[in-house]
2 protein chains.
Amino acid sequence: MKRDSRLSSVLHALLHMAEQDGPVTSETLAQCLGTNPVVVRRTMGYLREAGIVTSDRGHAGGWRIHADLGSVTLRQLHEALGEPVVFAVGNRNEIPECLVEQSVNAALQGTFAEAEALLLKRFSEITLADLAADFSRRHAAARRKRS
Amino acid sequence: MKRDSRLSSVLHALLHMAEQDGPVTSETLAQCLGTNPVVVRRTMGYLREAGIVTSDRGHAGGWRIHADLGSVTLRQLHEALGEPVVFAVGNRNEIPECLVEQSVNAALQGTFAEAEALLLKRFSEITLADLAADFSRRHAAARRKRS
DNA sequence: TCAAACAGAACATCGTTAGTTACATGAAAC
DNA sequence: GTTTCATGTAACTAACGATGTTCTGTTTGA
């Protein structure tokens, strides 16, 4: 299964942007992510629509975070990306006539719903500020190790 | 994202088999599932390797359940299918050098691991017998409704 | 005016399940 | 023993959606 890594991508991009003062170009972010500027624009476009970032064209243009780091949760980002399907596994037929399949679906659906609810709950508890703080700790630890 | 529906499929097939006395052919199961006999053989083959079902060729051949319904859990079936990836969402790069990405990965990975653990725990609590009982209830309810 | 940057369309790539076709193999019935 | 019914397996196609790429606009500031 090919996994959707857009949430991972935008988090990575947002934290790099948080480290910078001015706007960051798609080109720069693409290098950080090891991908293409067009992919960055496409993905970040979702966040722009959600009002989480802004983009400016022309000279000195690029992407800026348009929100407080502490107020943006992973859940919001997940929603901004269109709430992509979380599970790579699912029911064969969503609205089956067969009673046997209905039993199967009910059991699986309930279980998946429970797991997804937990995932989204955790997502709503983690902010960009949390990740930035975690990065600072790792950064400091890496510096200590180097010296 | 294309979802893996093999667990759903084998559950559907197994419950149909549980309703039958003798062996059930791939052709019959394929009709129940609305698919192709070859797909049935391919998928059920995993369960045969795990010792959950047996298959016989030739006249009066087909598939049989080779275990007690109460002793087979969804988790075992999931494992028999090769423990397919559960999430359609994931990290962009599993072993990043970038410290920023490491922070992102750590947060996401922890959250996904927690949700997956819950899912597998629930899977290990549900047996084929549970699903068969649920089907019986639905079947009885449908009969009452019809009369 | 020019160059830097985003905007967006259009198309290729890739990985995986699912679907299909074809043929071989084995077992029971006649 | 031949026929028929079934699985076993290989090989190929289809579908799907994120990702990657190319190309052409369009806006903005120097």
Side-chain angles (χ1 to χ4, degrees), chain A residues 1-10 12-13 17 20 22-49 53-64 66 78 81-94, chain B residues 1-10 12-13 17 20 22-49 53-64 66 78 81-94:
Chain A
M1 257 307 94
K2 196 160 202 170
R3 294 170 102 169
D4 179 349
S5 61
R6 286 178 299 173
L7 180 57
S8 175
S9 293
V10 298
H12 190 171
M17 288 160 67
Q20 293 283 338
V24 184
T25 67
S26 303
E27 178 63 41
T28 302
L29 290 175
Q31 282 176 4
C32 291
L33 300 182
T35 181
N36 193 294
V38 179
V39 175
V40 171
R41 286 188 198 112
R42 186 190 292 154
T43 312
M44 295 295 287
Y46 291 104
L47 304 193
R48 182 183 51 223
E49 285 173 23
V53 301
T54 59
S55 60
D56 290 304
R57 304 211 255 198
H59 272 273
W63 299 88
R64 284 175 214 263
H66 187 250
H78 177 68
L81 292 173
E83 302 195 66
V85 172
V86 169
F87 292 105
V89 179
N91 291 331
R92 177 178 185 81
N93 183 350
E94 287 303 332
Chain B
M1 264 299 102
K2 193 160 204 169
R3 292 169 103 171
D4 179 349
S5 61
R6 286 178 299 173
L7 180 58
S8 175
S9 293
V10 299
H12 190 172
M17 288 161 67
Q20 293 283 338
V24 184
T25 67
S26 303
E27 178 64 41
T28 302
L29 290 175
Q31 283 174 5
C32 292
L33 301 183
T35 181
N36 192 293
V38 178
V39 175
V40 172
R41 286 185 201 116
R42 185 191 292 156
T43 311
M44 295 295 286
Y46 291 104
L47 305 193
R48 182 183 50 225
E49 285 173 23
V53 301
T54 58
S55 59
D56 289 305
R57 302 209 258 197
H59 272 270
W63 299 88
R64 287 175 211 263
H66 186 250
H78 178 69
L81 292 173
E83 303 196 68
V85 171
V86 168
F87 292 105
V89 180
N91 291 330
R92 178 176 186 83
N93 183 350
E94 287 302 334

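Lettering follows sequence order; numbering is per chain, from 1.
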Q: For dA6(D), take OP1 and OP2 only and decide whether either is under 4.0 Å from a side-chain N or O of Thr25(B).
A: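 No, outside the criterion.
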Q: Please figure out whether Gly62(A) or Ser9(B) has its closest DNA chain C nucleotide nearer the 5' end.
A: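 Upstream on the strand: Gly62(A).
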Q: Look at the side chain of Arg42(A) and the base of dG20(D), then say whether one donor and one acceptor between them are separated by less than 3.5 Å.
A: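 Checked by distance alone, the answer is yes.
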Q: Looking only at the side chain of Val38(A) (C-beta and beyond, no hydrogens), which of the listed nucleotides dT17(C), dG8(C), dG19(C) gets closest?
A: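 Among the listed nucleotides, the one closest to the side chain of Val38(A) is dG8(C).
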Q: Check whether any side-chain heavy atom of Gln20(A) sits under 4.5 Å from a side-chain heavy atom of Thr28(A), and report yes or no.
A: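 Counting from C-beta outward, Gln20(A) and Thr28(A) never come under 4.5 Å.
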Q: Nearest-nucleotide wise, let me know which of Gly58(B) and Ser5(B) is further upstream toward the 5' end of DNA chain C.
A: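 Closer to the 5' end of DNA chain C: Ser5(B).
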Q: Look at Arg41(A) and dA7(C) and indicate whether a side-chain polar atom (N or O) is within less than 4.0 Å of OP1 or OP2.
A: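 Answer no for this pair, as no side-chain N or O of Arg41(A) is under 4.0 Å from OP1 or OP2.
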Q: When only distance counts, do a donor and an acceptor, one from the side chain of His59(B) and one from the base of dT4(D), lie under 3.5 Å apart?
A: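 Flag set: donor-acceptor pair detected.
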Q: A side-chain contact here means heavy atoms from C-beta on lying under 4.5 Å apart; do Leu33(B) and Asn93(A) qualify?
A: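 They are not in contact (no side-chain heavy atoms under 4.5 Å apart), so the answer is no.
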Q: Evaluate the side-chain proximity of Arg6(A) to Pro84(A): yes if any heavy-atom separation is below 4.5 Å, no if none is.
A: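 A side-chain contact under 4.5 Å exists here.
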Q: Tell me the interatomic distance from Arg57(B), atom CZ, to dT25(C), atom P, rounded to whole angstroms.
A: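 That distance rounds to 9 Å.
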Q: Consider only side-chain N and O atoms of Arg92(B) and Ser9(A), and report whether a donor and an acceptor are under 3.5 Å apart.
A: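 Side-chain D/A pair, Arg92(B) to Ser9(A): present.
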Q: Quick one about Ser8(A) and Ser5(A) (side-chain donor to acceptor, distance below 3.5 Å, no hydrogens or angles considered), yes or no?
A: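 No, because no side-chain N or O of Ser5(A) sits under 3.5 Å from a partner of the opposite role on Ser8(A).
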Q: Round to a whole Å and report the spacing from CG of Asn36(B) to C1' of dA11(D).
A: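 It is 14 Å, rounded to the nearest whole Å.
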Q: What is the separation between atom CG on Leu81(B) and atom C1' on dA18(C), rounded to the nearest whole Å?
A: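 Rounded to whole Å, this separation is 14 Å.
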Q: For the pair made of CZ in Arg64(A) and C1' in dT28(D), what is the distance, rounded to whole Å?
A: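 The distance from CZ of Arg64(A) to C1' of dT28(D) comes to 13 Å, rounded to the nearest Å.
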Q: If I take atom CZ in residue Arg6(B) and atom C1' in nucleotide dT16(C), what distance separates them, rounded to the nearest angstrom?
A: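 Spelled out: CZ on Arg6(B) to C1' on dT16(C) is 9 Å.
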Q: Leu7(A) CG to dA18(D) P: how many Å, rounded?
A: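 Atom CG in Leu7(A) sits about 14 Å away from atom P in dA18(D).
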Q: Is there a side-chain polar atom (N or O) of Ser55(B) under 4.0 Å from OP1 or OP2 of dA6(D)?
A: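 Result: no.
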Q: Once you apply a heavy-atom cut-off of 4.0 Å, does Thr35(A) come out as touching a base, just sugar-phosphate, or nothing?
A: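 Sugar-phosphate contact only.
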Q: If I take atom CZ in residue Arg3(B) and atom C1' in nucleotide dA18(D), what distance separates them, rounded to the nearest angstrom?
A: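 Nearest whole value for this atom pair: 16 Å.
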Q: Could you state the atom-to-atom distance from CG of Asp56(A) to P of dA4(C) in whole Å?
A: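 It is 17 Å, rounded to the nearest whole Å.
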